[in-house]
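Worksheet for the structure shown next.
Both ligands and their constituent atoms are indexed starting at 1 by order of listing.
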Amino acid sequence: MSTKIIITIDGTSSTGKSTIAKRIAKKLKYIYIDSGAMYRALTYYAIQKKYISKTHYFEDKLINDLESISIDFKNNILNNRFEVHLNGISVENKIRSLEVSNLVSRLATFAELRKRMVATQHALGNEKGIIMDGRDIGTVVFPNAELKFFLESSLKLRAKRRYDELTLINENITYNQVLKNINLRDSQDINRSNSPLKKASDAILINTDQLTLDELEIKLLSFINPLISKNL
Ligand code: CDP
């Protein structure tokens, strides 16, 4: 039997965090949690309720609703994927729109909302055997995780990756809109005072520019395997 650990992957937008995390989770039979999907689901809710738009943000109204909003993950047996659910309904396909992407980092600056998201994330990590990606997972959510990665990659490459992903799901979008959105979110995520995006001092820094997915997987597993095969 192998030792179950917590693995965190942080980094700027579109560095390939979720793609590689899903692959590793499948290989190790770990649970993969996309923490960004939780902030996106909350943003989607706030948009539906007209609490947030380009011109206004009624944070108090959203905070008032927090108690009655449920955000969790359920396995979709059709594709064996953990999908984010908002009040019991999968919103996995609704939360990747440009509208959500343009508002999510603003919403994610608020301490009260983050506190709530972090509590759910802690509960998910109770059993270990989990891989979670986001912005503050190695610094705030699981500062004692056994293994932490921080992925980086050039802005243009990230924008190209995300643009290709979005055009595949038919999102009507231009490369420049994607580039602008990623740039804006990076700067909001890095510069916020509450749980800013930064590399944990004990995280392993990996630049993914020159790596294929297979190469990235081999690299991550070279750090993971020795840890999980300890104490056999
Ligand atoms: O997929 P991508 O890397 O573009 O972003 P995401 O993981 O879906 O996260 C969307 C946004 O949620 C980020 O730009 C952050 O503003 C926020 N977020 C956060 O504040 N903390 C996290 N742990 C995860 C996401």
Distances under 3.5 Å, N/O of ligand 1 against N/O of the protein: list each pair and its distance.
from: ligand 1; atom 1: 1 (O); to: Arg162; atom 2: NH2; distance (Å): 3.0
from: ligand 1; atom 1: 3 (O); to: Ser14; atom 2: N; distance (Å): 3.3
from: ligand 1; atom 1: 3 (O); to: Lys17; atom 2: NZ; distance (Å): 3.2
from: ligand 1; atom 1: 3 (O); to: Arg135; atom 2: NH2; distance (Å): 3.2
from: ligand 1; atom 1: 4 (O); to: Ser13; atom 2: OG; distance (Å): 2.6
from: ligand 1; atom 1: 4 (O); to: Arg162; atom 2: NH1; distance (Å): 3.0
from: ligand 1; atom 1: 4 (O); to: Arg162; atom 2: NH2; distance (Å): 3.4
from: ligand 1; atom 1: 4 (O); to: Arg185; atom 2: NH1; distance (Å): 3.1
from: ligand 1; atom 1: 4 (O); to: Arg185; atom 2: NH2; distance (Å): 2.9
from: ligand 1; atom 1: 5 (O); to: Arg135; atom 2: NH2; distance (Å): 3.1
from: ligand 1; atom 1: 5 (O); to: Arg185; atom 2: NH1; distance (Å): 3.2
from: ligand 1; atom 1: 7 (O); to: Arg135; atom 2: NH1; distance (Å): 3.3
from: ligand 1; atom 1: 8 (O); to: Arg40; atom 2: NE; distance (Å): 2.6
from: ligand 1; atom 1: 14 (O); to: Ser105; atom 2: OG; distance (Å): 3.2
from: ligand 1; atom 1: 14 (O); to: Arg135; atom 2: NH2; distance (Å): 3.3
from: ligand 1; atom 1: 14 (O); to: Arg185; atom 2: NH1; distance (Å): 2.9
from: ligand 1; atom 1: 14 (O); to: Asp189; atom 2: OD2; distance (Å): 2.7
from: ligand 1; atom 1: 16 (O); to: Ser105; atom 2: OG; distance (Å): 2.8
from: ligand 1; atom 1: 16 (O); to: Asp189; atom 2: OD1; distance (Å): 2.6
from: ligand 1; atom 1: 16 (O); to: Asp189; atom 2: OD2; distance (Å): 3.4
from: ligand 1; atom 1: 20 (O); to: Arg114; atom 2: NH1; distance (Å): 2.8
from: ligand 1; atom 1: 20 (O); to: Arg114; atom 2: NH2; distance (Å): 3.3
from: ligand 1; atom 1: 20 (O); to: Arg192; atom 2: NH1; distance (Å): 2.9
from: ligand 1; atom 1: 20 (O); to: Arg192; atom 2: NH2; distance (Å): 3.0
from: ligand 1; atom 1: 21 (N); to: Arg114; atom 2: NH2; distance (Å): 3.0
from: ligand 1; atom 1: 23 (N); to: Ser35; atom 2: OG; distance (Å): 3.0
from: ligand 1; atom 1: 23 (N); to: Arg135; atom 2: N; distance (Å): 3.2
from: ligand 1; atom 1: 23 (N); to: Asp136; atom 2: OD1; distance (Å): 2.8

Asp209 side chain vs Ser154 backbone, donor-acceptor pair below 3.5 Å: yes

Pairs touching residues 94-115 that satisfy ring-ring contact (aromatic ring centres under 6.0 Å, His included), sequence neighbours left out: Tyr57-Phe110

Asp10 side chain to Asp136 backbone, donor-acceptor under 3.5 Å: yes

Residues Arg40 and Ser101: side-chain donor-acceptor under 3.5 angstrom: yes

Residue of the set Asn183, Asn181, Asp189 for which side-chain hydrogen bond (donor to acceptor under 3.5 Å, both in side chains) holds with Arg185: Asn181

Residue among Lys160, Arg161, Arg162 satisfying side-chain hydrogen bond (donor to acceptor under 3.5 Å, both in side chains) with Asp164: Lys160

